[in-house]
Amino acid sequence: MRALDFCLAVIFSTSVFAALPSPQNVKMDAINTRYILLWEWNQSQHDKVTFTAEFTFSNDESGYTRICTGMTQKWCNFSAKLDYFASYELRVRAESHAGLKSSWAIRKEFCPEEDATLGPPTHVRVEPGNGMVTISFREPMTEQGVPMSFILKNMVFKLQYWDTQTPSQKVTKVIQATQHTLILQPRKQFCLQVSAISEEYEKVSPHTQMQCVTTTGDLPVWLILLAVVGSALLIGLVYIYRRKKRRVPSHSIKPSSILGLPKSLTPLSVDSSEESCAVMTVVTNGWPQDRGH
């Protein structure tokens with residue numbers, strides 16, 4: 001009878017656990033020290049279903065620690081329970097109000113050191129100055145408000161900036177602190193981004209959102225001198241051109257060149273000596289002749 005009772009209990013237990021489908025596509029959303037277990041569930045199949053999620057250390061047979069129970073949402077926050085440098089196995093199942101339970105959906109081998117991504121810096125401020133730009137920000141933080149550099153030693157930051165007139169020519173600088181001043185050209189617009197880097201753990205965060213500012217200050221002395229020299233040169237060229245134009249005599253322009261006549265049709269010029277002779281002849285012929293001779 002005991003063997004029969006055991007077999008019936010196993011069959012009953014199997015049927016109860018198989019009555020509900022298991023959650024699907026179990027995954028971990030892990031950034032810095034925020035660890036959110038996510039899963040999918042077709043709510044149209046069964047109403048009034050809740051979920052239970054728990055974890056254990058990898059290769060540990062001592063049992064699981066329950067984190068979420070009776071949850072209606074399809075996620076569970078493990079952030080405060082998992083150590084950054086340990087490895088875990090996580091699982092979740094569905095439960096109905098009628099006492100039905102699904103089999104466990106398991107997420108194996110989750111290690112924050114390897115699987116958690118590094119988030120970007122936050123609270124970025126960009127302030128323009130006299131031929132300079134100062135950027136300040138807060139490094140990635142844990143869920144407890146502790147800088148991630150306390151966990152990931154030797155963290156540095158990659159600062160990227162460029163002139164908006166030449167966006168393809170980006171300049172990158174690796175800095176150690178969360179504040180840095182760039183010496184740039186005055187009265188020009190620059191855009192900046194920053195990301196966090198942990199070379200030891202091979203983690204690189206996404207860049208922060210691009211921010212653009214325009215520097216203040218006077219123009220460089222060499223640029224002012226260049227403008228003065230260019231203006232003086234232009235004035236000198238205009239003055240020389242006008243003087244040269246005034247020296248050209250007006251009678252040097254021949255009528256034929258204005259009218260476009262060929263040289264063969266141009267009136268012959270009268271020699272000055274011939275003009276004087278013609279005048280003298282006319283005057284002489286105009287006197288009365290002496291009839292007595």
Side-chain angles (χ1 to χ4, degrees), residues 6 9-123 138-152 155 196 198 201-206:
F6 177 76
V10 171
I11 294 172
F12 176 76
S13 176
T14 303
S15 63
V16 170
F17 276 90
L20 286 178
S22 301
Q24 301 295 318
N25 299 325
V26 179
K27 60 183 179 180
M28 179 65 78
D29 180 18
I31 302 176
N32 297 335
T33 62
R34 189 196 70 186
Y35 316 126
I36 308 295
L37 187 68
L38 305 170
W39 59 85
E40 295 179 2
W41 172 261
N42 189 354
Q43 194 69 34
S44 63
Q45 295 180 358
H46 299 272
D47 296 332
K48 298 180 180 180
V49 173
T50 59
F51 303 95
T52 295
E54 52 191 32
F55 78 93
T56 186
F57 290 95
S58 297
N59 303 319
D60 186 358
E61 299 179 356
S62 62
Y64 283 80
T65 300
R66 187 159 294 182
I67 302 299
C68 296
T69 183
M71 306 293 290
T72 57
Q73 68 267 19
K74 296 182 283 295
W75 57 269
C76 180
N77 191 343
F78 286 78
S79 302
K81 302 299 182 180
L82 306 184
D83 185 83
Y84 194 83
F85 298 102
S87 180
Y88 304 93
E89 179 177 285
L90 307 99
R91 64 183 188 180
V92 59
R93 74 182 179 192
E95 301 170 349
S96 72
H97 288 272
L100 301 179
K101 300 177 181 179
S102 74
S103 58
W104 292 100
I106 300 175
R107 168 66 161 88
K108 294 183 177 180
E109 295 296 332
F110 170 69
C111 179
E113 177 187 353
E114 298 177 359
D115 301 325
T117 61
L118 181 62
T122 59
H123 299 78
R138 190 172 74 175
E139 67 175 86
M141 308 292 284
T142 68
E143 289 297 286
Q144 294 74 33
V146 178
M148 282 296 294
S149 59
F150 281 50
I151 300 175
L152 306 176
M155 181 183 293
S198 174
Y201 294 93
E202 298 181 351
K203 294 179 183 288
V204 179
S205 80

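- Within a 6.0 Å sphere centred on CD of Q73, heavy atoms belonging to other residues, nucleotides or ligands number more than 12.
- Ion pair E95/R93 flagged as a salt bridge, since at least one NZ, NE, NH1 or NH2 atom sits closer than 4.0 Å to an Asp/Glu carboxylate oxygen.
- With rounding to the nearest 0.5 angstrom, the OG atom of S87 is 11.0 Å from the CG atom of D60.
- No option in F51, W104, W75 other than F51 meets the ring-ring contact (aromatic ring centres under 6.0 Å, His included) test with W39.
- Applying the side-chain hydrogen bond (donor to acceptor under 3.5 Å, both in side chains) test to residues at least two apart or on different chains, the pairs with a partner in residues 19-31 are S22-S103, N25-E40, D29-R34.
- The shortest side-chain heavy-atom distance between S96 and K48 does not fall under the 4.5 Å cut-off.
- Of the possible donor and acceptor atoms, none in the side chain of T52 sits under 3.5 Å from a partner among the backbone N and O of V92.
- Within the 4.5 Å cutoff, the side chain of P147 has heavy atoms near those of the M141 side chain.
- With hydrogens and angles disregarded, no donor-acceptor distance shorter than 3.5 Å links the side chain of S198 to the backbone of M155.
- Between M28 and L37 the shortest side-chain heavy-atom distance falls below 4.5 Å.
- We find the NZ-CG distance between K108 and L90 to be 12.5 Å, quoted to the nearest 0.5 Å.
- For the residue pair P120 and S205, the shortest heavy atom distance occurs at CA-OG, 3.5 Å.
- Using a 4.5 Å heavy-atom cutoff, the side chains of I151 and Y201 are not in contact.
- Annotation: side chain of T33 is not in contact with side chain of V146 (no heavy-atom distance under 4.5 Å).
- Listed here is the closest heavy atom pair of G63 and T56: O-OG1, 2.9 Å.
- Nearest heavy atoms, E109 versus D115: O-OD2, 3.6 Å.
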message: Between R107 and F55, is the side chain to side chain contact (heavy atoms under 4.5 Å, CB included) condition met? List the steps.
response: CA-CA 9 Å; R107 168 66 161 88; F55 78 93; over 6 Å; no
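- Across every non-hydrogen atom of G119 and P140, the tightest pair is O-CG, 2.9 Å.
- Between L118 and N32, the closest side-chain pair of non-hydrogen atoms falls below 4.5 Å.
- A pairwise comparison of heavy atoms in A86 and P112 identifies O-CD, 3.3 Å as the closest pair.
- With hydrogens and angles disregarded, a donor-acceptor distance shorter than 3.5 Å links the side chain of K203 to the backbone of E113.
- The minimum heavy-atom distance linking P21 with S102 is given by the pair O-CB, 3.3 Å.
- Looking only at side-chain heavy atoms (C-beta outward), Y84 and M148 come within less than 4.5 Å of each other.
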task: Give the C-alpha distance, both sets of side-chain angles, the deciding distance and a yes or no for side chain to side chain contact (heavy atoms under 4.5 Å, CB included) between F57 and T65.
output: CA-CA 9 Å; F57 290 95; T65 300; over 6 Å; no
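- Here the side chain of Y88 pairs a donor or acceptor atom with the backbone of D83 at under 3.5 angstrom.
- Taking the centre of each ring, Y35 and F110 come in below the 6.0 Å mark.
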